[in-house]
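A short worksheet on the structure shown next.
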Amino acid sequence: MEFNKSGYTPDELLGLYDALVLPRMIEEKMLILLRQGKVSKWFSGIGQEAIAVGVTQALHADEYIMPLHRNLGVFTGRNMPLNTLFAQLQGKGSGFSKGRERSFHFGSNAHHIVGMISHLGPQLAIADGIALAHKLAGEGKVAVGFSGDGGTSEGDFHEALNVAAVWELPVIFVIENNGYGLSTPSNEQFRCKQFIDKGIGYGMEAVQVDGNNLLEVHRTVKALAESMRQNPRPVLLECLTFRMRGHEEASGVKYVPKELLETWAQKDPVSNFEQWLEGEGVLQADEKARIRAKHQAAIDAALQEVFAEPEIVPVLEPELRDVYAPHQQVVVAATGASRELRLVDAISDGLRQAMEKHPNLVLMGQDIAEYGGVFKITQGFVEAFGKDRVRNTPLCESAIVGSALGLSVKGYKAMMEMQFADFVTVGFNQIVNNLAKMHYRWGQHADVVVRMPTGAGVGAGPFHSQSNEAWFFHTPGLKIVYPSNPADAKGLLLAAFEDPNPYLFFEHKAMYRSISGPVPEAYYTVEVGKAAVVREGAEATIITYGMGVHWALEAVAEMGASVEIIDLRTLLPWDRATVLQSVRKTGKAFVLHEDTLTGGIGAEIAAVIAEEVFQWLDAPVMRHGALDTPVPFAVPLEQQFLGVDRFKMQLNRLLSF
Ligand SMILES: Cc1ncc(C[n+]2csc(CCOP(=O)(O)OP(=O)(O)O)c2C)c(N)n1
């Protein structure tokens, strides 16, 4: 292997050697411990260390890296204390994730690392968001996202590169091309000859290096980063390398031709660099021994400490508490004049006031800039707040949710407008696995609001009409609000932006322009997690939200019955106390929602009522939801699907029970 030492002092070369040897020595020790059954599953980076080490050493210490499962050299390169790192790998309480996450699935802001979720690709869009934050603040920094060759087949890879290219974000996308994705060889994974060929497709510079050559990786990344700090733009960096061990230790390498292993063994990044340094007279025997002994002592001491640490004793309270970032809402009371606004205008008004209150809030969504969004909620916002903060996005829902998370890592607040709630399916993974779980996993909050224009009754068919709040209701870590009137919509939206936790904010499209009401003009917030009793009554309680509130009000008025109507307003967490108190009073409960019935939010509420206030009930808890079918297009079919008449009959049944 050829090394080019020009531009490096002997001390710099020794520093790089020191950084390269540490992850190898840790892994060699891990292999021994694995055989002794003392450590668990392990994704080896042996043979690929020059990439993680070269990249990390080439960056400034405060530039973020989004590493993957084989990138131990990133973590050691950022000088993470080995005892905390080993405790993390061992699932011990003093690890970065307090035993909640495995291996490298964690991050640390102190070390400027955002760790992966298992899904690989979502990492890359977080790099976009962090790079966007750098660019907005004019910080002159780069972010680095890692991908394996297998991971490039994921849609997330494409979306992240596309967004970075369109927005000229300073991200280095490092592809570690090691020839296999688990057991699948390259020819069954992709058809391109080399990844740099993809650069032109994204309108992006692409560079290929020998990933086993530490100096080549280091020099290339250093030069790229220097140039990108001045002239922000993304670059695709393909590093050719090889995975010398199994996908994970237990799986072996039987499927890899022996000759391939032998060829690549000749290119071992550690031994080649070491021998070259020795040949150049840079690394003397005593210096080599000193560096290795230093690492060995540090590894042994850290391991000893971690093995001595007792297993975790579960304590319930912090496990539940840490699902959300701490936030104590201080409700801002509405004062002063009100004016009559439609739901759509109240949301727009709230969003505008949020932009004024939070200069670090960035809005993203398809067609939301000059066009004002398909529902015109952000009309005029570009003129008021500029294009940096009101951003049209490509059709890349997953990458935009991921970018929002990256912005949050850098202390921004982000809102993403889903053009229609239905399209959240393509950003689903980022929401339920990244946004929702990150605080529990390693304490990083996700200050993101995803606005969701939702609901049926507009003759728009199966993919522009769905109610999908229940998909998220089942996901700890999210907050879900769903206002039924303009005043609540503005107040809840403003409350959501004050909270560092991730929100899904549902807005019913059919109500945008059909529902109006008085809305305070000044800034105010509505309490999150608090239901409203919109009508008092004695005979039964209807628990509902969104469009259901209007169906309930109409039905009860028609029937002339004394029925209490509760508008949940927040679905996660929902207001058990108000619901249970009302049902205790009325003795009958009806849960109503527009969403399809089976597995809907009503099922959970009905179950809690049955469990908690059974002795007060005079009738079974009843529910109404839409038919368990997709939302049909033709209006008569859609009306049958929603079944407002069925709801009224069912309510009558309850009242006469
Ligand atoms: C979305 C998703 N699908 C499948 C997997 C299982 N899986 C984990 S790593 C891996 C192979 C990844 O290959 P590559 O991206 O080339 O990285 P390498 O492991 O070679 O470093 C697979 C299939 C996963 N983690 N996530």
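Order of appearance sets the numbers: ligands from 1, and atoms from 1 within every ligand. Starting from 1, each residue takes its place in the sequence as its number.
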Is [X] in polar range of ligand 1, meaning some N or O pair under 3.5 Å apart?
X	result
N178	yes
H69	yes
S118	yes

Let me see the working for R451 and E417 under salt bridge (Lys or Arg N to Asp or Glu O under 4.0 Å), right down to the final yes or no.
-> CA-CA 5 Å; R451 289 189 27 251; E417 176 177 296; 2.8 Å; yes
Hey, would you say the F104 and F43 ring centroids sit under 6.0 Å apart?
->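 No, they do not, as the ring centres are separated by 6.0 Å or more.
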Distance below 4.0 Å between atom 5 (C) of ligand 1 and any protein heavy atom?
->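 Given the 4.0 Å limit, the answer for atom 5 (C) of ligand 1 is no, no protein heavy atom qualifies.
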Considering heavy atoms of the protein only, find what lies nearest to [atom] and give residue, atom and distance to 0.1 Å.
atom	value
atom 1 (C) of ligand 1	E154 OE2, 3.7 Å
atom 13 (O) of ligand 1	G181 CA, 3.2 Å
atom 18 (P) of ligand 1	R70 NE, 3.5 Å
atom 15 (O) of ligand 1	G151 N, 2.7 Å
atom 12 (C) of ligand 1	L120 CD1, 4.0 Å
atom 17 (O) of ligand 1	G148 CA, 3.7 Å
atom 23 (C) of ligand 1	L182 CD1, 4.2 Å

Y202 vs F157 aromatic rings, parallel, tilted or perpendicular, using cut-offs 30° and 60°?
->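 Taking F157 first and then Y202, their aromatic rings stand perpendicular (interplane angle over 60°).
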Give a yes/no on ligand 1: does H247 have at least one heavy atom closer than 4.0 angstrom to it?
->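 Yes, H247 has a heavy atom closer than 4.0 Å to ligand 1.
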CG/L283 to CD/Q275 distance, rounded to the nearest 0.5 angstrom?
->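 Here the rounded value is 11.0 Å.
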